[in-house]
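Note that these values count all heavy atoms, side chains included, but never hydrogens, waters or copies made by symmetry. Proteins come first, then strands; the chains are lettered A, B, ... in the order of their sequence lines, and each starts at number 1.
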Amino acid sequence: MDFIIEATIKAVKDLYGISIDTTVINLQETRKEFEGQVTLVTFPLIKYSKQSPEQTGNEIGAFLSNTLPQIEGFNVVKGFLNLSLTDSFWKSKLFSEILDENFAIFKPNGKKVMVEYSSPNTNKPLHLGHVRNNLLGFSVAEILTAAGFEVVKTNLVNDRGIHICKSMLAWKKFGNGETPTSSGLKGDHLVGKYYVLFDKEYKKQIEELKAIGQTEDEAKKNAQLILEAQAMLQKWEAGDEEVIALWKTMNTWVYEGFAETYKAMGVSFDKFYYESNTYLLGKDIIEEGLRKGVFFRKEDSSVWIDLTDEGLDQKLLLRSDGTSVYITQDLGTAQLKYNDFHMDKSIYVVGNEQDYHFKVLFTILEKLGKQGADGLLHLSYGMVDLPSGKMKSREGTVVDADDLMNEMEQTAKTHTENLGKINGFSEEEKLELYHTIGMGALKYFLLKVDPKKRLLFNPNESVDFQGHTGPFIQYTHARIRSVLNRVDTMLADTIYNEKLDIEERDLIVALSNYPTIIQTSAEGYSPAVIANYVYDLAKIYNKFYHEKSILQAENEQIKQFRLQLTNASGKVIKHAMSLLGIEVPERM
RNA sequence: GCACUUGUAGCUCAAUUGGAUAGAGCACCUGACUACGGAUCAGGAGGUUAGGGGUUCGACUCCCUUCAAGUGCACCA
C-alpha cells in the first residue's frame with residue numbers, strides 16, 4: 001500500500017504545504033462494519049491540516065480519489081478515512097502478485113542467524129515443556145528462512161554433569177545390565193527410569209540418616225549415593241575409562257531415543273554442540289576480561305563482574321579454586337559459535353526462568369566488546385503449566401512428549417474413523433494421516449499462543465480438532481484440494497470482467513497481506529502471528545466456499561476465476577502451515 | 001524482601017504495537033440450500049480488559065499505585 005502512503009504525503013504537501021514523514025501515516029485494514037478496504041487514521045494529521053479530523057479526512061479523501069485511479073470512493077467516520085479500492089486493483093493484485101510464483105518469497109538478505117533450541121539433558125526423556133521449545137525453535141527458524149535469512153539451527157546438548165552420573169550410577173547398581181533391546185524400552189526412557197530410581201533410593205538414604213539424628217542438609221550431603229555420584233563425576237572428568245565407556249553407552253541410548261522423538265516432532269538441526277566438549281571453555285575469556293579491566297579478582301582469587309550499574313548484581317565468573325561456573329562455559333560457547341559461523345544474530349530459545357542469566361551473559365559479552373554481541377537475543381518463552389501447576393518430573397506430573405504425541409495420533413484416528421471419509425487409503429497412508437492430523441492439532445495448539453506467555457495444558461481435556469485449531473486449517477486445505485482435483489482444465493486467465501463479490505474481494509485482501517505477515521512474525525520472532533493469520537485466512541476461505549459455488553459457477557469465466565482464488569488460497573495455507581512445521585493433507 | 005514477567009467472556013486465546021462499538025474458538029442456545037467435503041457456515045447469549053489514579057483528541061496497550069499468579073535472586077547447572 002506504499003502508493004497510498006506516497007499519495008497521502010503529497011496530499012498533505014499540496015493541501016497544507018507541509019512535508020511529513022511516513023511515520024505519521026497510519027494505514028490499517030478497514031473494519032468489517034464500514035465501507036472500504038483501507039483506512040487512514042487522520043488524527044495524527046490534524047496538527048498539519050489545522051482542521052477537524054472529519055474535515056481533514058474529507059479533504060485528503062477527495063485528493064486521493066482524484067489523483068489515484070485505484071481509489072473509487074471514500075467515506076469518513078469520525079476521524080477515520082475509509083478508502084474503497086477498485087475491483088481492477090484487487091484483480092491485478094491477485095493476477096500479478098498473489099498468483100506469481102515468487103509471491104511471498106523473500107530474496108536472501110545476506111544476513112546469517114543462528115537459532116539454538118531444544119538443548120536437552122541426556123538423563124531423561126523429553127516432556128511437554130521441551131515440545132514447546134522444539135516447535136518454537138523450529139518454527140522461528142523456518143520463518144526467518146522465509147524472511148530471507150540464512151539460518152543455522154543448533155542444539156547444545158547437556159550431556160555431562162552430576163545429573164547424568166545419577167542415572168549412570170543407578171543403572172550400574174540396580175540395572176542388571178538392562179538395555180533398550182533387552183527391555184524393549186526406548187533409550188531415553190530407559191535412562192530416565194534410572195534417573196528416577198536414583199532419586200527414590202537417595203531419598204530413602206536421606207530418611208535413614210535423618211532417623212539417626214542428622215539434619216536434612218547433612219543427610220543430603222552425606223548420603224552414600226550422592227557421594228558415589230560425585231565420585232563418578234570426578235572420575236568422568238579425569239577420563240576414567242570405565243566411567244567414560246558407560247557414559248558413552250548410555251548417552252548413545254538416549255540419542256537414539258531423542259532421534260525418534262525429533263523425527264516425530266519433525267524438527268532438525270544443522271549443528272550439534274555437546275557440553276562435554278565445551279564445559280572447559282571460557283577460561284581464556286576470563287583472562288581477557290581481567291586484562292581489559294571488565295572483570296575483577298577478589299582476595300580469595302575468585303573472579304567477578306560488577307553489573308550494578310546495569311541494575312544487575314555482582315556475578316561470579318570463576319570460583320576461588322579456579323574452576324568454572326555455568327556462565328563461564330556459556331561465554332566460551334558463545335565465542336565458539338561465533339568463530340564457527342560469524343552470524344549476525346544469535347537466538348537462544350530458552351524458557352523465561354533463565355531471563356536473568358541471559359541478561360547477564362549478553363551484558364558481559366557486550367562489555368567485552370565481542371563481535372556479534374549486538375545480535376544476541378534470548379527468545380524467552382513461558383512455562384507450560386498443568387491445571388495442577390508446574391510439571392515436576394520427580395512427582396510424576398510430567399506430560400511425556402512421546403506419550404503425548406501417541407495420544408494425539410490416537411485421537412486423530414478416532415475422529416477420522418468416525419467421519420469415515422478416507423475410503424481407499426492404505427494402512428500406511430492412514431497412519432501417516434493420523435500423524436499429520438494429530439501433530440497438526442498439537443503443534444497449532446502450542447504455537448498459536450504468544451511465545452512469551454505461559455501456556456496452560458489440560459491433559460484431561462484433549463486438544464480440540466474443531467474451531468480455532470490445526471485440523472480446521474488442514475481440513476480447509478483438504479477441501480480446496482478436493483475441489484481442484486475435480487477439474488481437469490485450469491486456465492490461467494488474467495482477464496476477468498465480472499464484478500467482484502464481497503467474499504472474493506475479502507479473500508484477495510487477506511491473501512495479499514501474507515508477505516507482511518511473514519515480515520511481522522519474523523521481526524517479532526513469533527509463530528503465533530502466522531498461526532493466527534492462517535486461521536483467519538482459512539475462515540475467510542470457508543466463508544467464500546460456503547457462499548459461492550465454484551464448480552457450478554454462473555459461467556466458465558467466473559468458475560475459472562474462483563478456481564484461481566481457490567488455488568492461491570490452498571498454496572498460501574500450505575506455505576504458512578509449513579512455517580509452523582505443520583503438514584497439510586490432500587484428504588482427511 | 002528485591003528484580004523480572006503475566007493478568008482480557010465460564011474456559012483457551014486475539015486485538016495491525018496508542019486508533020473506530022475489545023474480536024475468535026470451546027462449552028451453551030437457535031438455524032443452514034436435494035450444490036463443489038457438515039472436522040463447515042450463519043445467528044444468539046456471554047466484558048467495569050484484576051482494582052484505583054494519571055498522560056492523551058483517543059488507553060487492553062504508556063506512567064504511578066494496590067492486588068493476584070508465575071519465575072529468578074548458589075563459589076548448582
Quick one: list whatever passes ring-ring contact (aromatic ring centres under 6.0 Å, His included) with [X], sequence neighbours left out.
X	result
Phe198(A)	Tyr202(A)
Tyr16(A)	none
Tyr273(A)	none
Tyr326(A)	His357(A)

Counting only side-chain heavy atoms from C-beta out, which of [options] sits nearest to [X]?
X	options	answer
Lys543(A)	rA42(B), rC26(B), rA77(B)	rA42(B)
Arg479(A)	rG38(B), rA77(B), rC36(B)	rG38(B)
Met588(A)	rC13(B), rG37(B), rA77(B)	rG37(B)
Asn158(A)	rC75(B), rG37(B), rA77(B)	rA77(B)
Gln466(A)	rC73(B), rA77(B), rU40(B)	rU40(B)

Distances for protein N/O vs nucleotides 9-11 of chain B N/O pairs under 3.5 angstrom?
none

Item checked: salt bridge (charged side-chain N to carboxylate O under 4.0 Å, His left out) pairs, two or more places apart, involving residues 551-565 of chain A ->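 Qualifying pairs: Asp501(A)-Arg562(A), Glu504(A)-Arg562(A), Glu554(A)-Arg562(A).
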
Expected rows: protein N/O vs nucleotides 60-63 of chain B N/O, under 3.5 Å:
none

Note to self: For Glu237(A), is there an ion pair with Arg160(A) - N to carboxylate O distance below 4.0 angstrom?
What the structure shows: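 Between Glu237(A) and Arg160(A) there is a salt bridge, with a charged N closer than 4.0 Å to a carboxylate O.
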
Item checked: Under 4.0 angstrom between Asn542(A) side-chain N/O and rU40(B) OP1 or OP2 ->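 No, Asn542(A) has no side-chain N/O under 4.0 Å of OP1/OP2 on rU40(B).
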
Check: Tell me, which pairs form a side-chain hydrogen bond (donor to acceptor under 3.5 Å, both in side chains) where one or both residues lie in residues 520-529 of chain A, sequence neighbours left out?
Finding: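 Non-adjacent pairs meeting side-chain hydrogen bond (donor to acceptor under 3.5 Å, both in side chains): Lys345(A)-Tyr525(A).
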
Would you tabulate the nitrogen or oxygen pairs shorter than 3.5 Å linking the protein to nucleotides 16-24 of chain B?
unit_1: rU16(B); atom_1: O4; unit_2: Gln28(A); atom_2: OE1; d: 3.0
unit_1: rA20(B); atom_1: OP2; unit_2: Arg31(A); atom_2: NH2; d: 3.0
unit_1: rA20(B); atom_1: N6; unit_2: Thr39(A); atom_2: OG1; d: 2.9
unit_1: rA20(B); atom_1: N6; unit_2: Asn82(A); atom_2: OD1; d: 3.1
unit_1: rA20(B); atom_1: N1; unit_2: Asn82(A); atom_2: OD1; d: 3.1
unit_1: rA20(B); atom_1: N1; unit_2: Asn82(A); atom_2: ND2; d: 3.4
unit_1: rU21(B); atom_1: OP1; unit_2: Lys78(A); atom_2: NZ; d: 2.4
unit_1: rA24(B); atom_1: O2'; unit_2: Tyr535(A); atom_2: OH; d: 2.7

Check: What interatomic distance, in whole Å, is found between P of rC67(B) and the corresponding atom of rG51(B)?
Finding: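 Their P atoms lie roughly 15 Å apart.
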
Check: What is the per-nucleotide protein-contact pattern of nucleotides 2-7 of chain B, from the 5' end, where B denotes a base atom under 4.0 Å from a protein heavy atom, S denotes such proximity for sugar-phosphate atoms only, and - denotes neither?
Finding: --S-SS

Next item on the list: Name the nucleic acid region contacted by Ile437(A), choosing base, sugar-phosphate or nothing; use a 4.0 angstrom heavy-atom cut-off, strictly under.
Entry: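 Base: the residue Ile437(A), judged by heavy atoms under 4.0 Å, touches a nucleobase.
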
Note to self: Under 4.0 Å, heavy atoms only, any strand: does Thr416(A) hit a base, just the sugar-phosphate, or nothing?
What the structure shows: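 Here Thr416(A) touches the bases of the nucleic acid.
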
Next item on the list: Keeping to residues at least two apart or across chains, list the ring pair (Phe, Tyr, Trp, His ring centres under 6.0 Å) pairs with something in residues 542-561 of chain A.
Entry: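 The answer is Tyr496(A)-Phe561(A), Tyr541(A)-Phe544(A).
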
Next item on the list: Report the residues that fulfil salt bridge (Lys or Arg N to Asp or Glu O under 4.0 Å) with Asp506(A), sequence neighbours left out, ordered by chain and then residue number.
Entry: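 Listed in chain order: nothing, the list is empty.
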
